[in-house]
Protein chains: 2
Amino acid sequence: MKATFGEYIKKLRTDNGLTLTQLAFQLDLDSANLSKIENGKREFDEKRLDKLATAFNLDINQLKVEYFGDQFAKKMYAYNCPTETLMVAEEKVNYLKSVNTKQGEINFDNEK
Amino acid sequence: MKATFGEYIKKLRTDNGLTLTQLAFQLDLDSANLSKIENGKREFDEKRLDKLATAFNLDINQLKVEYFGDQFAKKMYAYNCPTETLMVAEEKVNYLKSVNTKQGEINFDNEK
DNA sequence: TTAATACTTGTCAATAATTGACAAAATTAA
DNA sequence: TTAATTTTGTCAATTATTGACAAGTATTAA
């Protein structure tokens, strides 16, 4: 398993024979900072997921799975959360979907 | 189900007959800001989970489940992540635990 | 070996996000 | 009504994230 999202990117990049500079350009990013991302010293900004998907012709949903899966896992590990947390998260996301039938805008204010 | 962590706090507080000012004091927080937290206009800072547990004599793990479950769900909903994300998160957290056998410090640098 | 390319690391100012604090308005209870 | 409570708005201060660049260390090719 790829332990981190950084490693995931690095593998994609090297498998596709790109240099840091080349990929960084596509992601509108400094190559030095991309290096840090690959090595886990910086976070990859979620706003660049689309560009990453484009760069490697990936399914955006699969990317989200990798990216957010990684984020959640890091949090859980850092705070020693029970596994249960993920089941509650699932319940809650389903609840959010069912309540907020209208897709589009998002409303986190819990107004009645 | 309590939709948000804010509502969760509010219920705890009112069930226990505390005013915002009283609970805010225990959490070392401005009562106006606690109000915003309860109403989903601000985030509850995870560094205060311990104080919250103490205030209501709650199991800290149960609190983490509620808190992080909420956080993850909001992200998933906002970014329309596949449910799969949570399964990957589980794999990854297990991986992190197995790799980083020594508990204590946390190391997110992916050094070999 | 050198030279060229690729990668890594450190730093720091600029930007952005979060927070604490206070005033004032609205709501609720007596 | 008054008093207590809650909510909302605002803003400066703090904190975190980012972009950018320089300087360093590999790595590769000749």
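Each chain gets a letter, A, B and so on, in the order its sequence line appears, and its residues count up from 1. What you see is a predicted model, and the numbers here were worked out from it, not measured in a lab.
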If I take atom [atom1] in residue [X] and atom [atom2] in nucleotide [N], what distance separates them, rounded to the nearest angstrom?
{"X": "A/Asp45", "N": "D/dA16", "atom1": "CG", "atom2": "P", "value": "17 Å"}
{"X": "A/Leu18", "N": "C/dT5", "atom1": "CG", "atom2": "P", "value": "17 Å"}
{"X": "A/Leu34", "N": "D/dA20", "atom1": "CG", "atom2": "P", "value": "14 Å"}
{"X": "A/Leu23", "N": "C/dT5", "atom1": "CG", "atom2": "C1'", "value": "17 Å"}
{"X": "A/Asp30", "N": "C/dT15", "atom1": "CG", "atom2": "P", "value": "17 Å"}
{"X": "A/Ile37", "N": "C/dT9", "atom1": "CD1", "atom2": "P", "value": "14 Å"}
{"X": "B/Leu20", "N": "D/dT5", "atom1": "CG", "atom2": "C1'", "value": "7 Å"}
{"X": "A/Glu43", "N": "C/dT15", "atom1": "CD", "atom2": "C1'", "value": "18 Å"}

Tell me which nucleotide among [options] gets nearest to the side chain of [X].
{"X": "A/Lys10", "options": "C/dT8, C/dG20, D/dG9", "value": "C/dT8"}
{"X": "A/Lys41", "options": "C/dT9, C/dA6, C/dT19", "value": "C/dT9"}
{"X": "B/Leu29", "options": "D/dG19, C/dG20, C/dT9", "value": "C/dG20"}
{"X": "A/Asn33", "options": "C/dT8, D/dA20, C/dG20", "value": "D/dA20"}
{"X": "A/Arg13", "options": "C/dT11, C/dC7, C/dT8", "value": "C/dC7"}
{"X": "A/Ser35", "options": "C/dT9, C/dT19, C/dC22", "value": "C/dT9"}

Verify, without hydrogens or angle tests, whether A/Asp70 (side chain) and A/Glu66 (backbone) share a donor-acceptor contact under 3.5 angstrom.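 No, the answer is negative, given that no donor and acceptor are paired below the 3.5 Å cut-off.
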
A/Asp30 side-chain N/O to A/Ala32 backbone N/O, donor-acceptor pair under 3.5 Å: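 Yes, because the side chain of A/Asp30 sits within donor-acceptor range (under 3.5 Å) of the backbone of A/Ala32.
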
Using heavy atoms to find the nearest nucleotide of DNA chain D for B/Ala32 and A/Phe44 separately, return the residue whose nucleotide is more 5′.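 With B/Ala32 and A/Phe44 compared, the 5'-side residue is B/Ala32.
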
Between B/Arg42 and B/Thr19, which is nearer to the 5' end of DNA chain D once each is assigned its nearest nucleotide?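 Its nearest nucleotide being more 5', the pick is B/Thr19.
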
Thinking salt bridges, do B/Lys64 and A/Glu84 make one under a 4.0 Å N-O criterion?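 Salt bridge flag = no for A/Glu84 with B/Lys64.
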
Does D/dA20 have OP1 or OP2 sitting under 4.0 Å from an N or O in the side chain of A/Lys36?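 No, no such contact exists.
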
Below 4.0 Å: OP1/OP2 of D/dT18 and any side-chain N or O of A/Arg48: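 For D/dT18, OP1/OP2 do not have a side-chain N/O of A/Arg48 under 4.0 Å.
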
Only one of B/Tyr67, B/Phe68, B/Phe72 passes ring pair (Phe, Tyr, Trp, His ring centres under 6.0 Å) with B/Phe5; say which it is.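 Exactly one pass, corresponding to B/Tyr67.
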
Between CG of B/Leu23 and CG of B/Asn16, what distance do you get to the nearest 0.5 Å?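 Result: 9.5 Å between the selected atoms.
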
